[in-house]
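The model shown is predicted, which means the values in this text are computed figures rather than measured ones. In what follows, every heavy atom counts, from backbone to side chain, and hydrogens, waters and symmetry copies are set aside.
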Amino acid sequence: MSTSGTTTWSLQRDAVINGALRKLSVLSGGSTPAAFEVANAAEALNAMIKGFQADGMPVWAIKKYTFTTVAGTSAYSIGIGQTLATPVPLKVLQAYRNQSSGVNVPMNIYTNYNYNLLPLTTSSGVPVNLYYQPQATLGTVNLWPIPNDSATTITLVYQRPFEDMTTSVDDFDFPSYWTEAMIYGLAWRLGGEYGIPIQDRNVLSKEAEFFHQQALSFGQEEGSVYMQPDWSGRR
């Protein structure tokens, strides 16, 4: 027995749309959807992808970005075309300073509440704390204390946003094991627009959730959790 020797199979945008419409029995016998149906389904698909960003931190969407501080500047806008030019992070998971000796020094990631409680807001030095504030179209990286030089480099480890599907032949910005989650998730979302009976939509909902959870369970990082007392006194 011989196998194909390939592992790169994937579906493009319109193939997933067609798959979802077949689940709804909208397409059959090799028929193709009308242009307006494709446009409506593409809109629903992109909305679904944006919603998937709320699932958490999949390993395949974790990226790094390194920047150099500017003396006297504690806040840096981040996003395409901003001071830190990279897609707006959804969440910053980790940050560390890059020492010339090759040693990475971890930085504290603070919440807005704890960052606002830091003393000596006008003091300068080597940054040890960071607070990331995501906004609608960009984000702000805040450092404490205010950097006292323009030579310190800091690396952010962050969850990036998922890319949009804008053309019929776009590949998905997801691993291939998300294919069924995409097809069944889209079919469920389109069911109401095509007048699918509520009983059938309930079945689709369960199928969509099954494939969604299956994909999620594989895409999370595996590791140990360590707990220790909060010696800093903050709660």
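In summary, the aromatic rings of F162 and F52 are positioned with their centroids too far apart to meet the 6.0 Å limit. Taking the six-membered ring wherever Trp is involved, the centroid distance between the rings of Y131 and Y115 falls below 6.0 Å.
For the pair K64 and Y158, the cation-pi criterion (under 6.0 Å, within 45° of the ring axis) is not fulfilled.
Counting only heavy atoms from C-beta outward, the side chains of V128 and R97 approach each other to under 4.5 Å. The closest side-chain heavy-atom distance from R189 to Y184 is not below 4.5 Å. Inter-residue side-chain proximity for D200 and L204 is flagged as unmet; no heavy-atom pair is nearer than 4.5 Å. Counting only heavy atoms from C-beta outward, the side chains of Y132 and I78 approach each other to under 4.5 Å. Between I183 and E180 the shortest side-chain heavy-atom distance does not fall below 4.5 Å. Residues K23 and L186 fail the side-chain proximity criterion, which asks for heavy atoms closer than 4.5 Å. Side chains of T32 and L27 form no contact here, defined as non-hydrogen atoms less than 4.5 Å apart. Within the 4.5 Å cutoff, the side chain of P147 has no heavy atoms near those of the T152 side chain.
Side-chain contact check for T6 and S4: at least one donor-acceptor pair (N or O, by modelled atom type) lies under 3.5 Å. Using modelled atom types and a 3.5 Å distance limit, the side chains of S77 and T140 yield no donor-acceptor pair.
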- Go through the steps to decide whether D171 and S10 satisfy the test side-chain contact (heavy atoms from CB on, under 4.5 Å), and finish with yes or no. CA-CA 8 Å; D171 292 317; S10 63; 4.3 Å; yes
- Could you walk me through whether Y76 and T69 pass the side-chain contact (heavy atoms from CB on, under 4.5 Å) check? CA-CA 9 Å; Y76 302 79; T69 59; 3.8 Å; yes
- Message: Please determine whether side-chain contact (heavy atoms from CB on, under 4.5 Å) holds for the pair I49 and F174, giving the CA-CA distance in whole Å, both sets of side-chain angles, and the decisive distance to 0.1 Å.
- Response: CA-CA 10 Å; I49 289 173; F174 284 75; 3.9 Å; yes
- Can you check side-chain contact (heavy atoms from CB on, under 4.5 Å) on L93 and I62, steps first, answer last? CA-CA 9 Å; L93 314 177; I62 294 177; 3.7 Å; yes
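Closest of all the heavy-atom pairs between S123 and P145 is O-CB, 3.6 Å. Considering every non-hydrogen atom in both P58 and Q159, the closest pair reads CD-NE2, 3.8 Å. What you find for L156 and A95 is that their closest heavy atoms are CD2-CB, 4.1 Å.
Below 30°, between 30° and 60°, or above 60°: for Y65 and F67 the angle between ring planes is below 30°, a parallel geometry. Ring geometry, W60 versus W178: the interplanar angle exceeds 60°, so the pair is classed perpendicular (tilted spans 30 to 60°).
T137 OG1 to I80 CD1: the interatomic distance, rounded to the nearest 0.5 Å, is 11.5 Å.
A donor-acceptor pair is defined here as one N or O able to donate and one able to accept, closer than 3.5 Å; such a pair exists between the side chain of E37 and the backbone of A34.
Applying the salt bridge (charged side-chain N to carboxylate O under 4.0 Å, His left out) test to residues at least two apart or on different chains, the pairs with a partner in residues 142-163 are R160-D173.
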